[in-house]
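If you're wondering where the values come from, they're calculated on a predicted model, not measured in any experiment.
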Amino acid sequence: EGPVDSLQSDSLESKRREARESHQKTKKRLKRQWKKLKDKQVLMKTQSSALGKPLDTEALDQISSNMKVLKSMRNQENTEYSTTSEELWLGDFNTVRHSCRREIIGYVTAGNMSYRTGGFVGQGFVVVNGLVQLQESTRDRKLLVLTREPTSLQYRFSSLRIL
């Protein structure tokens with residue numbers, strides 16, 4: 001067992017929550033307006049057929065165009081929220097190397113249990129600059145690194161071998 005990383009605080013959580021609540025309120029408001037127009041349209045059609053009056057096509061066209069405008073506003077709101085949400089999940093993210101408290105030098109791309117070695121074996125890639133730094137800081141032939149799953153805070157000691 002290796003060291004356990006502490007849970008990092010999420011500085012953008014409140015902004016994401018506010019953006020989500022605002023988005024939901026706007027969507028509800030636009031949906032209510034669209035529903036009112038749709039009900040009005042249905043009422044006009046049913047009244048004209050029930051009473052035998054001619055259908056006021058000009059008013060019906062106006063309602064249909066208003067419904068299309070509301071639908072486009074809802075679509076625009078959804079696209080704006082999706083881009084804002086993406087930005088709020090990423091934050092000020094420029095590089096993966098320093099995205100954690102520990103410097104990242106590579107990733108394990110494939111790994112599984114090996115009965116031959118009696119432990120877990122994985123293949124991955126390491127950045128050359130990180131590897132050079134690691135070799136300079138270690139005199140041993142066996143390079144020890146810390147690995148962890150992306151969903152876990154538990155690090156495990158692993159030996160690194162260059163193929």
Side-chain angles (χ1 to χ4, degrees), residues 1-40 63 65-163:
E1 295 290 313
V4 177
D5 207 2
S6 61
L7 192 61
Q8 297 182 17
S9 64
D10 186 2
S11 60
L12 297 175
E13 182 181 9
S14 61
K15 289 181 183 178
R16 279 195 309 272
R17 187 181 318 112
E18 289 171 10
R20 185 177 55 246
E21 288 171 358
S22 169
H23 172 66
Q24 287 174 343
K25 284 179 185 176
T26 305
K27 273 181 63 173
K28 276 185 180 179
R29 181 178 50 80
L30 291 173
K31 188 175 182 178
R32 279 194 307 265
Q33 289 175 351
W34 184 87
K35 180 85 169 98
K36 281 182 183 178
L37 288 173
K38 181 69 174 174
D39 289 344
K40 192 173 184 179
I63 290 172
S65 67
N66 288 345
M67 287 172 61
K68 287 178 185 175
V69 168
L70 281 173
K71 187 170 175 107
S72 67
M73 287 172 63
R74 281 179 19 201
N75 290 338
Q76 182 181 358
E77 170 68 24
N78 287 338
T79 55
E80 286 175 5
Y81 174 71
S82 66
T83 57
T84 305
S85 177
E86 263 183 49
E87 291 169 1
L88 288 175
W89 275 106
L90 288 177
D92 296 332
F93 187 75
N94 297 329
T95 176
V96 174
R97 184 176 178 188
H98 298 288
S99 62
C100 297
R101 292 198 172 121
R102 299 179 189 274
E103 186 176 337
I104 297 175
I105 63 167
Y107 285 97
V108 175
T109 56
N112 213 337
M113 175 69 181
S114 170
Y115 293 113
R116 183 175 170 201
T117 61
F120 287 93
V121 177
Q123 261 186 332
F125 68 92
V126 177
V127 180
V128 175
N129 293 341
L131 184 62
V132 169
Q133 267 186 339
L134 184 65
Q135 285 178 331
E136 287 175 355
S137 67
T138 307
R139 300 279 182 233
D140 296 338
R141 214 138 145 79
K142 189 176 186 181
L143 298 174
L144 278 180
V145 293
L146 290 172
T147 58
R148 73 173 175 89
E149 294 181 26
T151 58
S152 173
L153 297 175
Q154 175 71 49
Y155 285 93
R156 304 200 188 301
F157 288 105
S158 303
S159 61
L160 177 71
R161 190 174 70 194
I162 300 169
L163 301 178

Electrostatic pair Arg102:Asp5 at N-O distance under 4.0 angstrom: no
Nearest non-hydrogen partners of Leu88 and Leu12, listed with the distance: O-CD1, 3.1 Å
Minimum side-chain heavy-atom gap Leu90-Glu86 below 4.5 Å: no
From Lys31, Lys38, Gln33, residue fulfilling side chain to side chain contact (heavy atoms under 4.5 Å, CB included) relative to Leu70: Gln33
Gln154 side chain to Gly2 backbone, donor-acceptor under 3.5 Å: yes
Inter-residue atom distance Leu143.CG - Ile105.CD1, 0.5 Å rounding: 8.5 Å
Residue pair Lys40 / Lys36, side-chain heavy-atom distance below 4.5 Å: no
Rounded distance [0.5 Å steps], OG1 in Thr84 versus NZ in Lys15: 12.0 Å
Residue Glu103 excluded, over 12 heavy atoms near CD under 6.0 Å: yes
Trace of the side chain to side chain contact (heavy atoms under 4.5 Å, CB included) decision for Gln76 with Glu80: CA-CA 6 Å; Gln76 182 181 358; Glu80 286 175 5; 3.2 Å; yes
Donor-acceptor contact below 3.5 Å, side chain Ser82 vs main chain Thr79: yes
Heavy-atom pair with the smallest gap, counting every atom of Ser11 and Ser14: O-OG, 4.5 Å
Smallest separation among heavy atoms of Leu134 and Ser137, with atom names: O-OG, 3.0 Å
Neighbour count >12 (heavy atoms, 6.0 Å) for atom CG, Asp39: yes
Val145 and Val126, any side-chain heavy atoms less than 4.5 Å apart: no
Closest contact, heavy atoms only, Gly122 versus Val108: CA-CG1, 4.2 Å
Thr26 side chain to Ser22 backbone, donor-acceptor under 3.5 Å: yes
Val121 side chain near Arg116 side chain, heavy-atom distance below 4.5 Å: no
Full working for side chain to side chain contact (heavy atoms under 4.5 Å, CB included) between Asn78 and His23: CA-CA 8 Å; Asn78 287 338; His23 172 66; 3.1 Å; yes
Inter-residue atom distance Arg16.CZ - Glu18.CD, 0.5 Å rounding: 11.5 Å
Chi angles and distances behind the side chain to side chain contact (heavy atoms under 4.5 Å, CB included) call for Thr138, Leu144: CA-CA 9 Å; Thr138 307; Leu144 278 180; over 6 Å; no
Separation of Trp34 CH2 from Lys27 NZ (nearest 0.5 Å): 14.0 Å
Plane angle bin for Phe125 and Tyr107 - parallel if under 30°, tilted between 30 and 60°, otherwise perpendicular: tilted
Pairwise side-chain contact, Arg29 with Arg32, heavy-atom cut-off 4.5 Å (strictly under): yes
Test log, rule side chain to side chain contact (heavy atoms under 4.5 Å, CB included), inputs Tyr155 and Thr147: CA-CA 5 Å; Tyr155 285 93; Thr147 58; over 6 Å; no
